[in-house]
Structures are given as structure tokens and as C-alpha cells.
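Heads up: the structure comes next, in C-alpha cells.
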Amino acid sequence: PPPPLTMTVEGVAFVNRGLGLCDVHMISGNREPALVLLPRVPKRRPSTPWWRSCFCCSRADSALGGTDRAGLEMQSFETDGSVADATPGAVWLLLAESVIKTELLVADQAAVRADGAAINPSAWPHVLRVHAARPKATSQKGATLPMLRLVHFDLRFQDRANAEKFFQQLSPLMEALAAARPSKLIFFLNPVSGSGLSFRRFDAVRPAFELAGIDIERRVTERAGHLTDWIRDQDKESLAQYDAVVVVGGDGMFNEAATGLLSRTDKATIPVGIIPTGSTDAVVVSTAGVNDPMTAALRIVLGGMVNIDCCSVTAPSGEIRFACNFMGYGFFGDVMATSENVCCSGSARYDWAGFKTFCRGRNYTGTVKYVPAYPEGQEPPRTLCEEGGACCAERRAQRAKQQPIEAKVIEGPFKIINAATMSLRCKQSPLGMVPHAHVGDGTFDLITVERVGRLSWLRFLLRLAGSDDQFALPYASVRGATEVEFTAGAGRHSSWNIDGEIVRETSVKIKVLPQALRVYGPSREYSLQVDVV
């Protein structure tokens, strides 16, 4: 049955420039709890452009669909102009799960209503201030980036009893949400990332954690591998006192945290968060859609998690390394090895190293033996990984019903042999090396490019950096796999690029570790679909 309106009170709600007089509702029941504001005065000043009159997304109407609206007419209202829409009949909706904190205050200053009239604080003295994460889609190079921003808005009441009643309705919900959110975090900062950028980024996002009442402990790494050693050497009780480890750095530092957790002998683990400061930030972009520091911080505050696949990389010597996003032999291994001798910083050294490697035009011989993820002809369609990982669960269920699959062999020479556990979207490749990769389906994608000349290889790289499908080229292929064993052939050898780290041993065995790590990300659709204006 449709949920009832559990409470209705009158107030004045303000989001930045203000909404005006509204009927305020708290909806619960068998649907997601939400705050709904139905404006009574949908006026706007004549000077206000049409695109500053905004209406919320269809999710708002579906939240009220089928309920008794008690004769309340749904109308439009003026906002701060973050979204343009011209379809009337929507409401202002904020799912309660995106609320971070609520406060009951006494108004100390006047506010401006939507029609431009001033609100006397003595007439509306009681304020329920709501701090929430505001989804805001931003376009960049034709792609929509799902960013979050921290917003504060006030619900003003004439009657103290109404304000307290509304606050009491929200309090149990906030307590339930707090139980699923982190309360104590330890941050590790990389002092050499971006010439001190990690310190500036940490200071910029710290207010969001403090507002949520999260206990913060900050440490600075002293050397390469420091974070790995710290996580691996902590006893189980010491590690359990933290709800998560948050790295303020790039993909390399994230790999250090993952390696420390995956190499623990007691298998104790905790989630990992990341505040991006790296050159590519492929992990956070592939899982959260954008490498925005505040968005990443609010994802951690809200407590949403995504389970991601990792890989173990075993060398003939028996040494085991762990990869969370990328393993590459050939061109991309040479780029990483060349960049170590380039006297540049940041992404510039990779650009120069890539140019030098391209000019060499090297190809490599070898044998690839791999176990396909799916029987031939039963591969799932190439679709983008959905938020929340529902599609990943369906793919894991499909693979659980399969019979064991025999390994296949591919002979070189090759330009590249890559393995990716996620799409690897980044600034250099907006769609990613494997746009259809899924972060938690229990497989990785094996990418091979045959021996080609410089012109054909340039065509592949241009497609990789653009929007065209690089796997439509006849010499490039991608296959789902669960295991890969590579044996280098005679002649010149390359190096392996394992999450940005160089591995000089050429013959390796790669095996997927399904759902090996929990990272903070958009585990629910509400954070992307509900437009809190």
C-alpha cells in the first residue's frame, strides 16, 4: 500500500536565495524517507530568466505517486538556477538519506522570500537547519559528472512546538543513518603528491567530516610503502578501532592501502576511502564518476560503499603483488619505466615518456594463456556499470551457474597486453580504456593489440583519448577473463605496469580476487538521480 504522510507542518524553507512559504512533509513508510516541500507562492521576479525557474526530477513525483496528497497542489518555485526545466507539476524533494546533520536554532537574521519580500525573524523565529549532500550534475567535454556539494538550508517555523515535532521526527532517522556511517577515520596524506596538494585538499574537505561529527586522525606518509606496512603490521584490534582508512593521494597510494589489507594474514579488513590528488585518479573516477575532492568526501560521510574486484600478480619467484585497476605489459609498461628518468613532475612526465615510447615503436613476443569469464557466445552485452553494483551481482549469479571453462592461448607478437578491473576513466581517457568494464562482477578485461605500425597504433591511442570505440579496430580485442598467465618470448622484453608501479619480471600469472575490497562510492541511485536544487 502507498505510505501515508506521517506529518504535515507549515514553515518557510530557504535554499540559498529562498523558496518562500511552503507546506513541509515528512514521508516514510515502505518507501525511502524523504523531506518534501510544496511551495504555496510560486512567484518569481520579472527580471529572473526562465532557466532560473527549476523543477525537480521525476523521482520526486514517484515518491509521492499513489499517496493521498491531501488536496495539496504541486507547483513550481524559484531556485538558485542550477538546473533548467520547463515541466510544471513537480515538488522539491530531498531523500533523508542524504541529510548529514540537523540543528534546531533560533533565527538571528532576516531572510528573503522567493517573491523578494523580506521575512521578519521575529515572525518566524524557530529554525530547523538541515545540512545535506546536494547532487549537482556538471558537464565536461560532453560527459555528465555526478558531483556532490555540501548545502545548508533552513526550515523556519512560527511555533516552537512544530519545529520540535519535526526535529523529533528526523532524530530517529538520523540515528539509524549514523549507525551505518563512519564515526572514526584515519587519513594518510602523501606529502609529495602534487607539491603539497594533499594538504590543501585535506583542509578543503575537513569541514564536511567535522560537520558530520566524525573523529579524524591524520598521518603523513614518510616513504614509499609506508601505508602498506602500517596497515599490514596493525593487530586486528588496533585496525578495528577505525571505520575506514582514507588516503589523500592518487592511484598509487590507493594501491598501497589495498596491498596492506590484502596481504594481512588474518584477513582483517576495513573500507578504503580516497580523496583524489593524483595525475589520473582512475580508481575514484571509475567508481564514483568524478575525481572531485568534495564529492569523494561526501561519499565517505554518507557511508555508501562499493565492492570492487582486485587481482593478484604472481611472479616466477613466488612474489605476489596486488592490483586494483590496471596491469599493462608493452607500451604502457615502457611508458612507466621511461617516466622514472624524466625530469618533469605530474602528468607532464607521462606525456613526454609516452611520446618517447611511441617513437621507438617496439613490439614484444610472448604467449598469453587465459581462462575466459564466459563460454563463447554467452558473453553479456557491453553495458556501462550501474551505480550500486546491481548489474555486477547479476553477472556474478550468471557465472555461478556456469561449468568450468577451458583455458585458451593467444600467441604474439603484441603491441600491448593489458588487464583492467574497471573502466579506467580519467582526464586523459574520458570513457576509459574499457568503458564497459564492471567493478565487482568477479572478472577482469584482457586487452590485446597485435603488432602494428606507428600509424595504426596512433589511431588506437586517439580513439582511447576520444569517444570512438577503440575495439572496433581489427587489430584490437578485449575479452573477459578470470586468470591470465603470460610468458615472455625471446628478444627484447618490456616491464609490467602494476597500478603505476614497475615490475621488472616479465612472466607473470594474474588471478582475479572477486569483491576483495570495499571502497566508498555511490552505492545507491538517489545520489545521482535526485536533483536537490
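Side chains are part of it too, since the values below use all heavy atoms of this structure and drop only hydrogens, waters and symmetry mates.
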Here the gap from Asn255 atom CG to Thr228 atom OG1, rounded to the nearest 0.5 Å, amounts to 7.0 Å
Give me the atom names and distance for the closest heavy-atom approach of His493 to Gly489. NE2-O, 2.6 Å
If I compare all heavy atoms of Pro276 with all of Asn291, which pair ends up nearest, and what's the gap? CG-O, 3.3 Å
Hey, what do you get for OG (Ser494) to CZ (Phe332), rounding to the nearest 0.5 Å? 11.0 Å
Pairwise salt bridge (Lys or Arg N to Asp or Glu O under 4.0 Å) hits with a residue in residues 367-384, at least two apart: Glu376-Lys408
Determine whether Ile300 and Val246 make a side-chain contact, defined as any pair of heavy atoms from C-beta on separated by less than 4.5 Å. yes
Side-chain heavy-atom pair Ile270, Asp243 within 4.5 angstrom cut-off: no
Looking only at side-chain N and O atoms, does Tyr242 offer a donor or acceptor that is under 3.5 Å from a partner on Glu217? yes
Residues 457-464, side-chain donor-acceptor partners within the protein, below 3.5 Å, at least two apart:
unit_1: Arg463; atom_1: NH1; unit_2: Asp469; atom_2: O; d: 2.8

Non-hydrogen atoms of Val247 and Ala257 that approach each other most closely: CG1-CB, 4.0 Å
Under the side-chain hydrogen bond (donor to acceptor under 3.5 Å, both in side chains) definition, can you give me all pairs with a residue in residues 265-274, not counting sequence neighbours? Arg264-Asp266
CG (Asp233) and CG (Leu239) are apart, to the nearest 0.5 Å, by 11.0 Å
Supply the atom-to-atom distance Asn307 CG to Cys392 SG, rounded to the nearest 0.5 angstrom. 9.5 Å
Non-hydrogen atoms of Leu148 and Ala133 that approach each other most closely: CD1-CB, 4.5 Å
Taking every non-hydrogen atom, the tightest pair across Phe414 and Gly412: CE1-CA, 3.1 Å
Closer than 3.5 angstrom, by distance alone: can the side chain of Ser198 be matched with the main-chain N or O of Gly249 as a donor-acceptor pair? no
Can you name the closest pair of heavy atoms from Met336 and Gly500 and give their distance? SD-O, 3.4 Å
Taking atom types as modelled, is there a side-chain donor on Asp334 or Thr338 under 3.5 Å from an acceptor on the other? no
Apply the test side-chain contact (heavy atoms from CB on, under 4.5 Å) to residues Val245 and Phe188: give CA-CA distance (whole Å), side-chain angles for both, the deciding distance (0.1 Å), then the verdict. CA-CA 8 Å; Val245 172; Phe188 281 86; 4.0 Å; yes
Considering only heavy atoms from C-beta outward, does the side chain of Leu227 approach that of Met253 to under 4.5 Å? yes
Under 3.5 Å, is there a donor-acceptor pair between the Thr367 and Thr487 side chains? no
Pairs meeting criterion salt bridge (Lys or Arg N to Asp or Glu O under 4.0 Å) with involvement of residues 496-509, two or more places apart: Glu340-Arg504
Check: Thr314 side chain, Ile320 main-chain N or O, donor-acceptor pair, under 3.5 Å: no
So SG of Cys311 and CZ of Phe444: to nearest 0.5 Å the spacing works out to 5.0 Å
Side-chain donor-acceptor pair under 3.5 Å between Thr277 and Arg200, yes or no? no
In plain terms, say whether Arg223 and Asp229 are close enough for a salt bridge, that is, a side-chain N and a carboxylate O under 4.0 Å apart. yes
Can you confirm whether Asn497 sits close enough to Phe326 that some side-chain heavy atom of one is under 4.5 Å from a side-chain heavy atom of the other? yes
Kindly indicate, with the supporting measurements, whether the criterion side-chain contact (heavy atoms from CB on, under 4.5 Å) is fulfilled by Gln515 and Arg396. CA-CA 10 Å; Gln515 305 261 292; Arg396 291 197 305 272; 3.0 Å; yes
Can you check side-chain contact (heavy atoms from CB on, under 4.5 Å) on Arg149 and Asp292, steps first, answer last? CA-CA 10 Å; Arg149 285 295 175 262; Asp292 177 62; 2.7 Å; yes
Atom CG of Leu513 and atom OG of Ser312: how far apart are they, to the nearest 0.5 Å? 4.5 Å
Is the backbone N or O of Arg362 less than 3.5 Å from a side-chain atom of Lys415, with the two atoms forming a donor-acceptor pair by type? yes
With sequence neighbours excluded, give me every salt bridge (Lys or Arg N to Asp or Glu O under 4.0 Å) pair touching residues 439-458. none
Tabulate below the donor-acceptor pairs under 3.5 Å that side-chain atoms of residues 204-215 make, not counting sequence neighbours, or state none.
unit_1: Arg206; atom_1: NE; unit_2: Glu210; atom_2: OE2; d: 3.1

Between the main-chain N or O of Thr482 and the side-chain N or O of Thr443, is there a donor-acceptor pair closer than 3.5 Å? no
Gln403 and Ile405: side-chain contact (heavy atoms from CB on, under 4.5 Å), yes or no, with the steps? CA-CA 6 Å; Gln403 298 295 326; Ile405 304 175; over 6 Å; no
Between Val434 and Ser423, is there a side-chain heavy-atom distance shorter than 4.5 Å? no
Going by the side chain to side chain contact (heavy atoms under 4.5 Å, CB included) test, name the single residue among Asn418, Val484, Ile510 that passes it with Met327. Ile510
Within-4.5 Å side-chain heavy-atom neighbours: Val519 and Val283: no
Is there a side-chain contact between Phe199 and Arg218 (heavy atoms, below 4.5 Å)? yes
Test your reading of the model: is there a side-chain donor-acceptor pair from Gln241 to the backbone of Ser238, 3.5 Å cut-off? yes
Report, as yes or no, whether the 6.0 Å neighbourhood of atom CD on Glu406 holds more than 12 heavy atoms from other residues, nucleotides or ligands. no
Are the side chains of Cys324 and Cys310 in touch, meaning some heavy atoms are under 4.5 Å apart? yes
Would you say Gln470's side chain and Met433's backbone share a donor-acceptor pair under 3.5 angstrom? yes
Between Tyr329 and Trp496, how do the two ring planes meet: parallel, tilted or perpendicular, split at 30° and 60°? tilted
